[in-house]
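Keep in mind that what you see is a predicted model, and the values were worked out from it rather than measured. Just so you know, ligand 1 is whichever comes first in the structure, and atom 1 is the first atom listed for that ligand.
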Amino acid sequence: MLDKIDQFQKEFLQELEGVKNRGEINELRVKYLGRKGVIKSLLKQLPSLTVEEKRRLGGKINQLKKLVEKKLAEQEEKLNQEQPLTSQGEFLPHWPSQFGRLHPIEWMRQRVLNIFHHLGFVEFKGPHIENDWFNFAGLNIPPGHPARDLWDTLYLNQNDKKGNPLLLRTHTSNIQLRALEKYGVPLRVMAFDRCFRREILDPRHSHTFSQFEVLVVDKGINMNHLKWLSDYFLKEILGQVTESRFRPKYYPFVEPGVGVDAKCVFCNGKGCPICSYSGWFEIAGAGMVHPQVLKNAGIDPNEYSGFAWGFGPDRMLMLMTGVNDIRQFYQGDFQFLKGGR
Ligand code: DAH
């Protein structure tokens, strides 16, 4: 075995002489020091030897290992001097480096949150898997009520600990009671997050989508505040040329409820193909918080009032960017995210 060790040493030194680049150094490293390399195979033979031989040969093998490590390091250093990495095409990356950018939804999220931060709103996070109470019943939509048909809901076949059915939240309105319970009144909260519905998928419908929600509860809050905020937000996000318009609309958790429209920024309200010749875009749902919802949060509706406001940022983003399929925001298609599709 002693001869074998000497033989390997000789071979190694010869091979080292012929080495021309870092790739070949690595090959030698693997051949001698690797998991299935020469040194490991020599060490494996040790257990069958006597204690005396073990000591002698073990020492020898160790010397060989040290020598290989030292010589390889020296050779590597020599190569570094002769051929600095920058002049070695083979080790430079072959692809142009790429800068990341914000996902369009994240870009929108930051813009919207920023606008409302300036007005004193704090972000509130609600769970994606929600129970029936916070998503529906607590918001004045009891089980079996026809208003539930407004939301095509994905239920889990599981209840929470209190026996409440679990579902994927259909809107960010599920934060309303949660935020009121956690912080009490007066309150100004907002949420920008994902929601889920059982949709027949098409360019305007995705099972996963985003919503933005605002809730204000305080003494003396009225429709004027809601109208002012709608105008302010739409002008901030779409430009000063737009303005808001209210239409009566039914949502069980507000009374009165309104649909909020924005004046078309492409035709200044005259009517064009983008706004389907109506001059307006339907943007948001809103209204004064229903007294029953305040009661459900333990708040006296004779003392406090509030408004809630919710809209779909995906649709607005489509309008702003010309993207014509909502599903593209959720597919992670690299070409699309780079702006190439
Ligand atoms: N949650 C409603 C939806 O998903 C949108 C909405 C309507 C939110 C009225 C509100 C509101 O806060 O007051 O369609």
Near Gln211 (heavy-atom distance under 4.0 Å), the atoms of ligand 1 are 3 (C), 4 (O)
Per-atom filter on ligand 1: closer than 4.0 angstrom to a heavy atom of Arg197 are 3 (C), 4 (O), 14 (O)
**Q.** Same cluster (ILVMFWY, side-chain, under 4.5 Å), Phe329 and Leu319
**A.** yes
Closest to atom 13 (O) of ligand 1 among protein heavy atoms sits Ala308 O, 3.1 Å
Honestly, for Trp309 the part within reach of ligand 1 (heavy atoms, under 4.0 Å) is backbone
Exercise. Just by distance, with hydrogens left out, do Arg169 and Asn174 show a side-chain donor and acceptor under 3.5 Å apart?
Worked result: yes
For Trp309 and Phe311, what are the C-alpha separation, side-chain angles and deciding distance, and is it a ring-ring contact (aromatic ring centres under 6.0 Å, His included)? CA-CA 7 Å; Trp309 200 97; Phe311 92 110; 5.6 Å; yes
Q.
Check whether Phe246 forms a cation-pi arrangement with Lys227 (NZ or CZ under 6.0 Å from the six-membered ring centre, at most 45° off the ring normal).
A. yes
Using non-hydrogen atoms of the residue, decide whether Phe307 is closer than 4.0 angstrom to ligand 1.
no
Checking Glu24, Glu76, Glu15 against Arg29 for salt bridge (Lys or Arg N to Asp or Glu O under 4.0 Å), the one that qualifies is Glu76
Could you tell me whether Tyr330 and Phe209 have their ring centroids closer than 6.0 angstrom?
no
Heavy atoms of Lys263 and Val241 approach each other most closely as CD-O, 4.2 Å
A student checking ligand 1 against Glu213 at a 4.0 Å heavy-atom cut-off should list atoms 8 (C), 10 (C), 12 (O)
Ligand 1 to Gly310, heavy atom cutoff 4.0 Å, flagged ligand atoms 8 (C), 10 (C), 12 (O)
Among non-hydrogen protein atoms, atom 5 (C) of ligand 1 lies closest to Tyr251 CE2, 4.3 Å
In this structure, CZ of Phe253 is separated from CG of Leu139 (nearest 0.5 Å) by 6.0 Å
For Gly287, the ligand 1 atoms with a heavy-atom partner under 4.0 Å come out as 13 (O)
Thr170-ligand 1 polar pair, N/O distance under 3.5 Å: no
So the atoms of ligand 1 within less than 4.0 Å of a heavy atom of Gln176 turn out to be 12 (O)
Taking only non-hydrogen atoms of Trp151 and a 4.0 Å limit, the atoms of ligand 1 in range are 3 (C), 4 (O), 14 (O)
The closest protein heavy-atom partner of atom 6 (C) of ligand 1 is Gly285 O, 3.9 Å
Ring centres of His225 and Phe307 under 6.0 Å apart?
no
Ligand 1 atoms nearer than 4.0 angstrom to some heavy atom of Val254 are 13 (O)
